[in-house]
Amino acid sequence: MATFLGINLFGLFGQLLVGLINGSFYALLSLGLAIIFGLLKIINFAQGAIYMLGAFGAYLGLHYLGISYWAALIVVPLVVGLLGILMERFLIRPIANEDHLYSLLLTFGVALVLQGLFTHMFGSSGLSYAIPDALKGGTKLPFMYLPSYRAWIIIASLTVCFATWWMIEKTKLGAYLRAGTENAALMQAFGINVPLMVTLTFGFGVALAGFAGVMAAPVYSVSPDMGSSILIVVFAIVVIGGMGSIGGAILTGLGMGIVEGLTKYFYPEASNTVIFLVMVIVLLIKPAGLFGKEA
């Protein structure tokens, strides 16, 4: 057994890997929330339920339509994104000028309906989804065994997160998005269809949750409550990073996953609350969040 200063390195690095995997999902879900709130000022409490839809989409696609995991990574986010577009167009847009509390309550109601519907259809017990053959097995590292699928989750999550950040922060399209949310009338005067841009942005934000759900299906049990169990944690991460901060959501999601993993090794009893403790400390020191801007 490899040890260093009395620390079991196999156990430590194993928990760090688990934390980094959880952090990858936190980053994707937090990124979607940050995009929707930061650009559209919509509090989407249905993000966890949409994450659940992504996992069920992969499961149902495989068992009833023969859609492979790799195809599901593309098809399911597109379908979930389309549902998000319909949701924004017919549910959220009518209350767009109301207080943020209205969108929170509306999306919370949508989440409850979706979770109740899937619980009625599939029960509360989890369903299994097999790891694709190409990603079975793993690599023996000096201090741990790295399953190939876990490595894929980390790589795919970081790639999608970085590409999204780059698109929003460094491209002309991202500049249009930011400008359109700050001064919609001016952008429309230049011929930009701001309502369409808002709808597509919302659809993209929820598509990220669908993508995360597909990747989560082989790792976690596919169940109706899988979204509700992660949503509160993700909201805490968004608050820590700074509401609306795109880069902050990514870095904080990954960082909090690692913090959670370290806590599970050194003090397991606090692993379920450590993120909320960090949130309290951050809000006391910097109310706008680590990467947020003071009003």
Side-chain angles (χ1 to χ4, degrees), residues 15-16 18-52 54-55 100-101 103-108 110-112 115 153-154 157-158 161 164-165 205-206 208-209 211-213 215-216 219-220 225-295:
Q15 287 299 336
L16 282 176
V18 172
L20 192 54
I21 292 169
N22 289 338
S24 298
F25 291 114
Y26 293 160
L28 279 172
L29 293 170
S30 299
L31 177 60
L33 282 176
I35 289 173
I36 292 171
F37 182 80
L39 297 179
L40 310 181
K41 299 300 182 288
I42 296 171
I43 302 175
N44 181 24
F45 223 82
Q47 195 79 342
I50 293 167
Y51 163 75
M52 176 269 293
H100 297 328
L101 182 62
S103 63
L104 188 154
L105 292 174
L106 174 65
T107 54
F108 180 63
V110 170
L112 291 179
Q115 183 175 340
I153 288 174
I154 297 169
S157 173
L158 290 176
C161 286
T164 302
W165 172 84
V206 300
L208 288 174
F211 180 80
M215 289 206 301
V219 178
Y220 306 120
D225 63 350
M226 63 184 295
S228 59
S229 61
I230 197 175
L231 180 63
I232 301 301
V233 174
V234 171
F235 262 100
I237 289 171
V238 172
V239 171
I240 294 170
M243 292 293 287
S245 173
I246 307 300
I250 298 171
L251 294 176
T252 307
L254 293 171
M256 287 299 99
I258 293 173
V259 168
E260 189 179 63
L262 287 173
T263 306
K264 284 182 179 178
Y265 180 81
F266 289 105
Y267 191 56
E269 294 83 357
S271 61
N272 292 328
T273 58
V274 63
I275 291 177
F276 302 101
L277 177 61
V278 172
M279 181 184 71
V280 171
I281 295 173
V282 169
L283 290 179
L284 288 174
I285 298 173
K286 196 172 187 292
L290 295 176
F291 302 94
K293 297 179 181 179
E294 299 288 347

With heavy-atom distances below 4.5 Å as the criterion, would you say the side chains of [X] and [Y] are in contact?
{"X": "Val278", "Y": "Met256", "value": "yes"}
{"X": "Ile240", "Y": "Leu290", "value": "yes"}
{"X": "Leu29", "Y": "Tyr51", "value": "yes"}
{"X": "Ile43", "Y": "Phe235", "value": "yes"}
{"X": "Val233", "Y": "Phe276", "value": "yes"}
{"X": "Lys264", "Y": "Asn22", "value": "yes"}
{"X": "Leu33", "Y": "Asn44", "value": "yes"}
{"X": "Met243", "Y": "Val238", "value": "yes"}

Check [X] against [Y] and note the closest heavy-atom contact, atom names and distance.
{"X": "Val110", "Y": "Ala46", "answer": "CG1-CB, 4.3 Å"}
{"X": "Ser271", "Y": "Pro268", "answer": "OG-O, 2.8 Å"}
{"X": "Ile154", "Y": "Ser24", "answer": "CA-OG, 3.7 Å"}
{"X": "Leu208", "Y": "Leu28", "answer": "CB-O, 4.2 Å"}
{"X": "Ala27", "Y": "Leu254", "answer": "CB-CG, 4.2 Å"}
{"X": "Tyr26", "Y": "Glu260", "answer": "OH-OE1, 3.0 Å"}

So, the side chain of [X] versus the backbone of [Y]: is there a donor-acceptor pair under 3.5 Å, distance only?
{"X": "Thr273", "Y": "Ala270", "answer": "yes"}
{"X": "Thr107", "Y": "Leu104", "answer": "yes"}
{"X": "Gln47", "Y": "Gly205", "answer": "yes"}

- May I have the step-by-step check of side-chain contact (heavy atoms from CB on, under 4.5 Å) for Leu262 and Val274, ending in yes or no? CA-CA 10 Å; Leu262 287 173; Val274 63; over 6 Å; no

Calculate, to the nearest 0.5 Å, the distance between atoms [atom1] and [atom2] belonging to [X] and [Y] respectively.
{"X": "Leu284", "Y": "Met279", "atom1": "CG", "atom2": "CE", "answer": "10.0 Å"}
{"X": "Ile36", "Y": "Lys41", "atom1": "CD1", "atom2": "NZ", "answer": "12.5 Å"}
{"X": "Leu16", "Y": "Ile21", "atom1": "CG", "atom2": "CD1", "answer": "11.0 Å"}
{"X": "Ser245", "Y": "Phe37", "atom1": "OG", "atom2": "CZ", "answer": "12.0 Å"}
{"X": "Leu158", "Y": "Leu20", "atom1": "CG", "atom2": "CG", "answer": "7.0 Å"}
{"X": "Ile237", "Y": "Ile275", "atom1": "CD1", "atom2": "CD1", "answer": "4.5 Å"}

- Task: Determine the sole option in Ile35, Ile250, Leu251 for which the side chain to side chain contact (heavy atoms under 4.5 Å, CB included) test with Trp165 is passed.
- Result: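 By the side chain to side chain contact (heavy atoms under 4.5 Å, CB included) criterion, Trp165 pairs with just one of Ile35, Ile250, Leu251: Ile250.
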
- Item | Tyr220, OH atom: more than 12 neighbouring heavy atoms under 6.0 Å |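 Yes, enclosed.
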
